[in-house]
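One structure is given below, represented as structure tokens, and several questions about it will come after.
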Amino acid sequence: MPENRANWPQPAPQKSEFGSHAEGLFSLWGHDLGLIDWSEKLKERLDLADEAPVTLGDVYPDLANPDLAALVQLVVNTGKPRTIRLGAGESERRNLLLFQARAGLAIVEFGGADIDETAKAQELDRALLLHQATHDVLTGLPNRRQFSDKLGKVLPVRAKAGLALMQIDLDDFKPVNDTLGHGAGDIVLKLAAERIRKTLGKDETAYRLAGDEFAVIQIAREQPDEAERLAESLIAEFRKPFTVDGITVFVGASIGVAIAPRDGNESEQLMKAADVALYAAKKDGRRRARTFNPSMLQVLEQREVLRRSLRVALQHREFFIEYQPLVDRSLAIAGFEALLRWRHPILGVISPIAFIPMAESDGLMSEIGQWVLEEACRQALSWPAHYTVAVNLSPAEFLTSGLTDRVSQTLDVVGLPSERLELEITETVLLERTINNLDTLNTLNVLGIQISLDDFGTEYSSLSYLKNFPFDNIKIDKYFINDLPDDQKSQTIVRFVIAMAHGLGMRVTAEGVETAEQAAWLQAEGCDRLQGYFLSPPLGADMVDEFIRKHADTGPGNDRAKS
């Protein structure tokens, strides 16, 4: 059977969209002349095996004639419509109107009476208009309009019936558009549609909803097993690379599955369930399928409550800062890193991992980041004059215009010398090596502010970053520190980073130092600064002064190192 068989909408009374002679006999064929879509009336007229793919010769055996086959191919190749007359007797005579479609070939069949050129043009116009109204121009798949019509017709289903709705989003599609251009993106979308179409079987129909969003409606009794089987097959197809103009690109798929009537028995309800499952698939790491369950909805609702609370958290003074010590090679205090925290009035303290991405996507990070910068600088004024304060800059903040002016004004208002401020950025900021990025870093450097590259080695590390950007400090991520001093590979990487940084005139800070053995190994290898729970956990602002008084001479960790 065809991979994709949508039911073409038939207006009441039973009269064709293609005119009184056509009787709704319409079919859509791929470039290989395999059936993609057909009208319900044509389907009812034929008696073909359900498990086999349908070819043009199965429906119209006469078109296998070499002369007629050549005419068919001519329509596909040139796009010039043609009418082919089949059958000898008046009662058997049929006319086929063939015209080029984006997917390959479209055929409209109408009655045996001869037609004049005007009637032929009218039939062609009607067929083209219906095809354009119900199909996506780029991929040839049924469009959102036909998707809505189909879902409205098949719902509600009876308790023992099985219907699955799958929402499909392409992963990493945007970078293809951004780096290779929209032409390459269109090629990927067409290839993606073809992969989806070829994976489908009987009673499974694919639709392109918008952009890189697709949907599948599957009718099968064994649910959710059949839906999950199909979803995993689709995920497997998208693990294979795409080739665009000789370039290999990887675009995966995330799929959310909802089952009727279990997860909903009307269109909007079922689509919401599939959307929630799709969100869960993306949250779990993308390139996977998830089937809806009510707990997903609870998580999403909690997230929305959190999002609404986040918008007023700054005004309600719910944010606070903890400070984690940075120590030098002798374990003497060199400064503190400012770490943003959120104390929700109901949920308690919420991890930055949970709310920072939310704040970035909602455009709140500039305002929150400005508060953190000013608060941390004011706190640093009460510390010894040689202590620095390190403040993290999210990519959203760094890429916002006017950053250097805001930082400079904050230092002037607070009265903190610029050399005591260290701004930490992650490698994500450097994905685009634009002139603006370089100008921002150079301006901050000229102001005397120290620039630190955070989490080095875990994302998009490139030695060219260290050559082109004026960093003062590199922070080795705790991932490489965890196994010290037992893991040879971690030791080799850390030694390399330390030697490279020193060769480029940069300092090195090791994060996540949790044991005396790790600290001793890093000290011996010449690591400039250490940070981690072995030295001290993050401290509330009211505890920093006491910590400084206690460890100003001996340095944190010395007492434990000696014990």
Side-chain angles (χ1 to χ4, degrees), residues 310-328 332-345 349-352 355-356 359-360 364-394 396-398 400 402-426 440-441 443-452 454 472-473 475 509 511 529 531 535-552 556:
L310 184 60
R311 294 192 182 103
V312 296
L314 192 59
Q315 289 80 1
H316 292 176
R317 302 181 180 275
E318 294 170 5
F319 291 120
F320 65 100
I321 299 174
E322 291 186 328
Y323 298 87
Q324 188 166 35
L326 293 157
V327 304
D328 63 22
I333 301 171
F336 294 85
E337 179 180 358
L339 301 170
L340 176 63
R341 302 288 187 256
W342 179 20
R343 185 179 288 107
H344 191 278
V349 176
I350 299 171
S351 168
F355 72 83
I356 292 292
E360 289 182 329
L364 303 173
M365 253 342 278
S366 289
E367 187 179 2
I368 295 172
Q370 177 61 33
W371 177 85
V372 173
L373 178 65
E374 187 170 339
E375 187 75 11
C377 288
R378 290 190 189 281
Q379 182 70 22
L381 282 177
S382 65
W383 304 340
H386 62 285
Y387 284 11
T388 61
V389 59
V391 177
N392 291 278
L393 279 182
S394 76
E397 286 181 88
F398 185 86
T400 302
L403 170 68
T404 54
D405 290 338
R406 290 199 303 274
V407 172
S408 178
Q409 290 170 8
T410 300
L411 290 174
D412 289 343
V413 169
V414 173
L416 185 74
S418 58
E419 63 271 14
R420 293 187 59 191
L421 175 62
E422 182 175 330
L423 294 177
E424 296 189 4
I425 65 170
T426 63
T440 298
L441 287 169
T443 302
L444 293 170
N445 187 257
V446 168
L447 291 172
I449 297 164
Q450 299 180 55
I451 308 295
S452 182
D454 199 8
D472 298 285
N473 181 59
K475 298 191 78 171
T509 300
E511 297 182 293
R529 296 190 307 184
Q531 180 181 3
L535 305 158
S536 171
L539 305 167
D542 57 342
M543 300 173 61
V544 171
D545 289 343
E546 181 182 349
F547 182 87
I548 292 173
R549 285 194 299 270
K550 182 177 178 181
H551 298 288

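Bear in mind the structure is a predicted one, so any value in this text is a computation, not a measurement.
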| said: Suppose we screen for side-chain contact (heavy atoms from CB on, under 4.5 Å). Which residues come up paired with Asn392, at least two apart in sequence or across chains? | reply: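 For Asn392, the residues satisfying side-chain contact (heavy atoms from CB on, under 4.5 Å) (neighbours in sequence not counted) are Glu337, Leu339, Glu424, Asp454.
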| request: Taking Gln324 for its side chain and Ser536 for its backbone only, find out whether a donor-acceptor pair lies under 3.5 Å. | output: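 Indeed, once roles are kept as given, a pair shorter than 3.5 Å links the two residues.
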| Nearest heavy-atom pair of Ala541 and Gln379: which atoms, and what distance? |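 In this case the closest contact between Ala541 and Gln379 is O-NE2, 3.6 Å.
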| query | Are the side chain of Arg420 and the backbone N or O of His386 linked by a donor-acceptor pair below 3.5 Å? | reply |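 A pair under 3.5 Å: no.
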| said: Tell me if a side-chain donor or acceptor on Glu367 pairs with a main-chain N or O of Leu364 at a distance below 3.5 Å. | reply: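 No: the side chain of Glu367 does not pair with the backbone of Leu364.
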| request: Please examine the side chains of Phe398 and Leu423, heavy atoms only from C-beta on, and report whether any two atoms are closer than 4.5 Å. | output: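 They are not in contact (no side-chain heavy atoms under 4.5 Å apart), so the answer is no.
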| Any Lys/Arg nitrogen of Arg378 or Glu374 sitting under 4.0 Å from an Asp/Glu carboxylate oxygen of the other? |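 Result for this pair is yes, salt bridge flagged.
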| Are any non-hydrogen side-chain atoms of Ser418 and Ile449 less than 4.5 angstrom apart? |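 Ser418 vs Ile449: side chains touch.
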| Parallel, tilted or perpendicular for Phe355 and Trp342, by the 30°/60° rule? |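 Phe355 vs Trp342 ring planes: perpendicular.
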| Under 3.5 Å donor-acceptor, Ser408 side chain and Asp405 backbone |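 Pair absent, no side-chain N/O of Ser408 close to backbone of Asp405.
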| message | Just checking Tyr323 against Trp383, ring centres under 6.0 Å apart? | response |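 They qualify: ring centres under 6.0 Å apart.
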| Do Arg343's NZ or CZ and the ring of Phe320 fall within the cation-pi criteria of under 6.0 Å and 45°? |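 Ring-cation test returns yes.
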| request: May I ask you to check whether Gln450 and Thr388 show a side-chain donor-acceptor distance below 3.5 Å? | output: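 Short answer, no.
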